[in-house]
Structures are given as C-alpha cells and as structure tokens.
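Working notes, beginning with the structure itself.
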Amino acid sequence: MTTLDTTTPVAVPPKPTFKVNWVRLAPFLYTIGLFVIWEVGVRISGLPHTILPTPTRVFEAIVQYWSPIWKNSIQTLYTTVLGFLIAVVAGLGIGLFIGWSKTIYAGLYPIMVGFNAIPKVALVPILVIWFGIGTVPAVLTAFLISFFPIVVNVATGLATIEPETEDVLRALGAKKMDIMLKVGIPRSMPYFFGSLKVAITLAFVGSVVSETVASNSGLGNMMASAQSNFNVPLVFAGLLMLAVEGIAMYALMAWVEKRMTGWAHRSSMAN
Amino acid sequence: MASPLVSIENVDMRYGGPSGTLAVSGLNLRINRGEFVAVVGPSGCGKSTLMKLTTGLHIPQAGAVIVANSQVTKPVSIVGMAFQNPTMLPWRTTLENILLPLEIVEKHRHRLRSHKAEYVAKAEKLLETVGLKGFGEKFPWQLSGGMQQRANLCRALIHEPELLMLDEPFGALDAFTREELWCVIRDLHASQDVTIVLVTHDLRESVFLADKVVVMSARPGRVIAEHEVPFERPRQLELLYEPAFNEMVQKLHGEIATARVAA
Ligand SMILES: Nc1ncnc2c1ncn2[C@@H]1O[C@H](COP(=O)(O)OP(=O)(O)O)[C@@H](O)[C@H]1O
Ligand SMILES: [Mg+2]
C-alpha cells in the first residue's frame with residue numbers, strides 16, 4: 001500500500017489537510033478538562049456528596065429534577081432579562097442626559113458613584129417592603145445593579161468628544177442637539193454596546209441575590225431551599241444552569257456588540 | 001478695494017475668568033478677500049485663539065472681530081476649518097464625512113436630502129481635486145494620515161466657505177506628504193475664490209504658500225510684523241531652494257527667536 005502511494009503520487013488526491021483548529025476547540029477542551037479534574041479530584045479525595053458532589057452526580061440531579069430546574073431557570077432568565085432591558089433603556093436615557101453637558105456630568109457623577117457603592121443586596125429588604133416578595137424585587141435588583149455600567153459608558157462616550165470635532169461643527173453653526181445626534185450618540189454606541197456584556201452579567205447577580213432572600217421562585221430560591229434540605233447536588237445543578245444562562249447571554253451581547261459597532265474595532269478608537 | 005473680509009481690532013482674549021490666562025492682547029489684523037495669510041509665532045502665543053476668535057467660537061472680552069462687515073457674536077458659518085488632527089468620524093465613509101457640514105449649515109441642511117446627487121457630485125469633484133478620486137467609499141481608518149488630511153480639506157470646503165481656516169494642518173505629516181499637500185492647497189487657492197488663513201510653525205510652509213506672513217509675539221499674543229511675500233505665483237517647489245526664499249525664512253526665524261526671548 002505504501003508502495004502504491006509513493007509510485008503514483010499524482011493519482012492520489014492530496015491528503016485533506018486535517019488541521020485541528022486548537023484555538024476554536026480550546027474552550028470546549030478546557031471545560032471538559034475542568035469537569036474531569038473535578039470528577040477525579042472528588043473521587044480520589046472521597047469527599048461526600050453533601051460537601052462537593054461530582055459532576056456526574058450534578059448531571060444526575062439535573063435529569064432528576066429537570067422540571068423544577070427548567071421552570072426556575074426560565075423564571076430567573078425572565079427576571080434577569082426584564083431587569084436588564086429596563087436598565088438598557090434607563091441607562092441609555094440617563095447616560096445621554098448626564099453626558100449632555102459638562103455641568104450635569106460634574107454634578108451627577110459623584111451621586112451616581114455613591115449610589116453604585118451601595119451593595120444592592122442591602123436594597124432588597126426595602127424593595128420587599130415596597131413591592132412584596134417575588135418577581136418585582138428580583139427584576140428591580142437586576143435593574144439597579146446593571147444600569148450603572150451602562151450609564152457610565154454612555155456618558156463617557158459623550159463627554160469625551162474630541163474638542164476639535166466639536167469646534168469644527170460649532171463653527172458651522174451646529175446646535176448642541178446637532179453635535180449630539182451627529183457625533184455624540186454614534187460615538188457613544190461602542191461604549192454602550194461594550195457595557196452590555198458587563199451589565200447582563202451583573203443583572204444575573206442582582207436577580208439571583210434577590211430570589212435567594214426574597215422570592216418563592218427562580219434559581220436563587222431553588223438553590224436556597226435545596227441547601228436547607230442538604231440537597232447539595234441540586235444546589236450545584238442550579239449553579240450550572242446559572243453558568244449556562246450567563247454564558248449564553250454574554251455571548252449574545254458580544255455578538256450584538258460586534259454586529260452594531262464593527263467600525264470601532266477596525267478604527268483606532270478603542271472601546 | 002472693498003472693506004477687508006476679516007478685521008480684528010484691538011482684541012483682548014482671556015481664558016478662564018478675570019484671573020485666567022491672557023492669550024492675546026491688543027491684537028490687530030486685517031485680511032482681504034482672496035488673500036492667503038499665514039500666521040506664525042512661538043508656540044502658545046495665541047495662534048489657535050486667533051482662529052477661534054475669527055470663527056466666532058470664542059468672543060473676545062475687549063475689542064471687535066468683524067467678518068464680512070458684521071461683528072462676530074456667534075459662530076460664523078462662512079468659514080471652513082481644518083485642524084492638525086483630521087477628526088474624521090470613523091463610522092462614516094470618507095464621502096459621508098465630507099458631506100457632514102451640509103447636514104449642519106442652515107443654507108444646505110434642508111436641501112441636502114432632495115439634492116443629494118448634486119452634493120455628492122460636488123464632494124467627488126473635491127476629492128478629485130485633492131487627489132483622492134474614488135476613495136469616497138473608504139472609511140477614514142482605511143486611509144493614510146496624508147489622505148485623511150486631504151479628505152479633511154474637502155470637508156472644510158464642501159459648503160463653499162468664503163474663509164478657510166487651517167490650524168497647523170500638516171503638522172503630523174512626513175516631509176514628502178507635507179510638500180504634496182502644500183501644492184494641493186496652493187492649487188485650491190488658485191482655482192477657487194477663497195480666502196485662506198493658515199496657522200503654522202513651519203516657516204518654509206508659510207513663505208511658500210502665503211501672500212502675507214503675520215508674525216505674532218509670545219503670549220499675550222499680538223501682531224509684531226507683517227511681511228508681504230514677493231514671490232511670483234504660480235510657485236513651484238523649486239522655490240524652496242532659492243536663496244531669496246531662504247533669506248526670507250531666515251529673517252522670519254530671527255524675528256520669532258527674538259519674540260520668544262522677549263517673553
Ligand atoms: N480653552 C482654554 N482654556 C485656558 N487656556 C487656554 C485655552 N486655550 C488656550 N489657552 C491658553 O492660551 C494660550 C494661547 O493658546 P493657543 O491659542 O492655543 O496657542 P497656539 O495655538 O499659538 O499654540 C496658551 O497659553 C494656552 O495655554
Ligand atoms: Mg495651536
């Protein structure tokens with residue numbers, strides 16, 4: 001067989017170069033590797049399931065409790081995305097407002113920073129007093145925690161317009177509104193879309209925290225009750241679902257960012 | 001001869017309130033229609049301030065700035081401006097960048113949509129004039145620095161300004177590109193009915209291009225000398241190597257050196 005190959009090299013089509021794209025594969029390989037190390041580590045050390053379950057045990061729990069896991073995952077996704085969407089609208093609006101003038105920017109920025117410094121979990125009891133437990137505080141917590149990075153990014157995009165660009169336009173008789181529409185808003189879009197990745201991740205933190213302490217549904221609540229029943233595999237199943245939702249939403253935001261502001265990646269304007 | 005296009009009379013301009021920086025003081029300058037004036041002076045002497053006063057971006061605390069027979073109290077839209085930094089908007093194509101002033105200037109903004117083809121044709125003609133034919137669809141970041149600066153000139157000219165103000169437009173370019181652009185500007189001035197004010201720290205550039213070179217003192221800036229440039233137009237780049245040319249450059253150099261020491 002080898003002789004045939006070497007004697008008639010022309011007849012044989014060139015071997016399809018089976019080049020493995022390791023960079024593309026790396027995330028999957030590393031994830032599998034992580035699970036394998038986790039599995040082996042737990043088995044060797046003999047840790048009980050009640051402290052650290054093996055991944056196989058966690059997947060078992062996912063299958064076993066699929067119906068509540070699914071229901072609660074959807075609930076968490078719903079509160080998170082709703083809070084996030086409100087944050088996008090409010091963040092865009094407030095960001096444009098703050099970035100509108102240097103005075104407003106100077107006046108409101110410290111207030112925003114102070115507000116952002118408050119741990120949002122401390123607000124949950126207040127939200128419960130106002131709205132009762134359940135979906136509303138979860139949505140609002142997701143909103144409150146995720147809108148700040150959007151505001152800051154949009155406002156920064158507006159506030160950092162090159163003075164020369166502004167001079168060129170003002171010399172032509174441009175009003176503030178013209179400058180905002182023609183330069184400020186398009187310019188702040190990469191900052192805005194860049195902030196969505198951060199914001200969606202934070203929104204999950206907000207909704208799950210709120211569900212954990214003040215809700216009867218959602219993954220946060222499910223994990224809290226599983227924990228009080230010492231059902232540790234179910235707790236980990238909830239964590240895994242959160243990770244999956246988080247990755248999916250992050251990927252979606254990264255895709256949106258790339259679609260909407262491709263020019264910012266090509267030009268020198270860094271995000 | 002009619003009244004000058006720009007007349008700056010005894011202008012004081014201070015930044016940042018009464019105790020702030022006095023940028024220019026007792027500034028007097030006249031610029032006639034169609035003239036090409038170059039402004040030179042030590043750095044920080046108020047050259048950019050002079051530009052901003054003329055275009056109405058700043059209003060002086062004392063004295064008067066008169067452009068086209070009326071005192072400047074707000075931005076005057078008969079000017080086009082170009083700076084060292086081309087400030088092209090990266091999300092617009094070169095052509096869209098050049099059309100930007102038309103979306104702003106009162107006279108054109110309402111006509112732009114209905115007369116789009118006419119304006120686009122005009123922009124493309126300008127691109128051809130500066131040697132960028134066919135680059136309209138490219139994005140600014142696909143152009144070299146020199147090409148961006150050419151496009152920047154087109155943007156400054158698209159609304160047919162009577163007065164073109166250039167603030168060190170070639171400062172960031174290499175020597176060859178700069179000389180190419182000198183010729184572009186020279187030809188623009190020759191072919192169009194436009195008055196040009198060029199701020200520069202390159203004395204050879206000022207002598208090569210201008211009809212009149214204005215020398216400013218160190219801050220607070222005022223005009224200490226005006227020199228008519230005697231060389232015949234059209235001028236060729238060979239002029240740069242003639243003794244009379246270099247003599248004039250050297251004289252200017254000496255004046256500015258003295259102005260700096262006096263500060
Ligand atoms: N917006 C500003 N606020 C405060 N000071 C300024 C401002 N713009 C310019 N200056 C000061 O005014 C002086 C003249 O500036 P400028 O006109 O930019 O000088 P040039 O263009 O000749 O280098 C400088 O000392 C500068 O620091
Ligand atoms: Mg300057």
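Letters A, B, ... mirror the listed sequences (proteins, then strands); counts begin at 1. Computed from heavy atoms alone, side chains included, the values below leave out hydrogens, waters and symmetry copies.
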Most heavy-atom pairs under 4.5 Å with chain A, out of B:Met165, B:Arg92, B:Arg109, belong to B:Arg109

Quick one: which residues of residues 34-41 of chain B reach chain A at under 4.5 angstrom, heavy atoms only?
none

side-chain contact (heavy atoms from CB on, under 4.5 Å) between A:Lys197 and A:Met249, worked out:
CA-CA 8 Å; A:Lys197 288 184 296 194; A:Met249 291 307 287; over 6 Å; no

Of the non-hydrogen atoms in B:Val79 and B:Pro161, which two are nearest, and what is the gap between them?
C-CB, 3.6 Å

Counting N and O atoms only, with roles assigned by atom type, does the side chain of A:Glu166 sit under 3.5 Å from a partner on the main chain of A:Ile179, one being a donor and the other an acceptor?
no

Which word best sums up how the rings of A:Phe143 and A:Phe147 line up, parallel for under 30°, tilted for 30 to 60°, or perpendicular for over 60°?
tilted

Between B:Lys52 and chain A, with a heavy-atom cut-off of 4.5 Å, which part of the residue counts as in contact: side chain, backbone, both or neither?
side chain

Counting heavy atoms not belonging to A:Lys176, are there more than 12 under 6.0 Å from its NZ?
yes

Given a strict heavy-atom distance threshold of 4.5 Å, which part of B:Leu89 is in contact with chain A: side chain, backbone, both, or neither?
side chain

For side-chain contact (heavy atoms from CB on, under 4.5 Å), just list the numbers for A:Leu158 and A:Val183, CA-CA rounded to whole Å, side-chain angles, deciding distance to a tenth of an Å, and then say yes or no.
CA-CA 8 Å; A:Leu158 291 185; A:Val183 185; over 6 Å; no

Max heavy-atom pair count under 4.5 Å with chain B, selected residue of A:Lys175, A:Glu164, A:Met189:
A:Glu164

Show me the donor-acceptor pairs, under 3.5 Å and distance only, between side chains in residues 108-116 of chain A and residues at least two apart or in other chains.
none

Is the number of heavy atoms from other residues, nucleotides or ligands under 6.0 Å of B:Phe139 CZ greater than 12?
yes

Candidates B:Leu22, B:Asp12, B:Thr21, B:Thr49 - the one meeting side-chain contact (heavy atoms from CB on, under 4.5 Å) with B:Pro220:
B:Leu22

With chain A, the option among B:Thr87, B:Thr55, B:Ile78 that has the most non-hydrogen atom pairs under 4.5 Å is B:Thr87

Is B:Leu100 close to chain A through its backbone or its side chain, or both, or neither, when contacts mean heavy atoms under 4.5 Å?
side chain

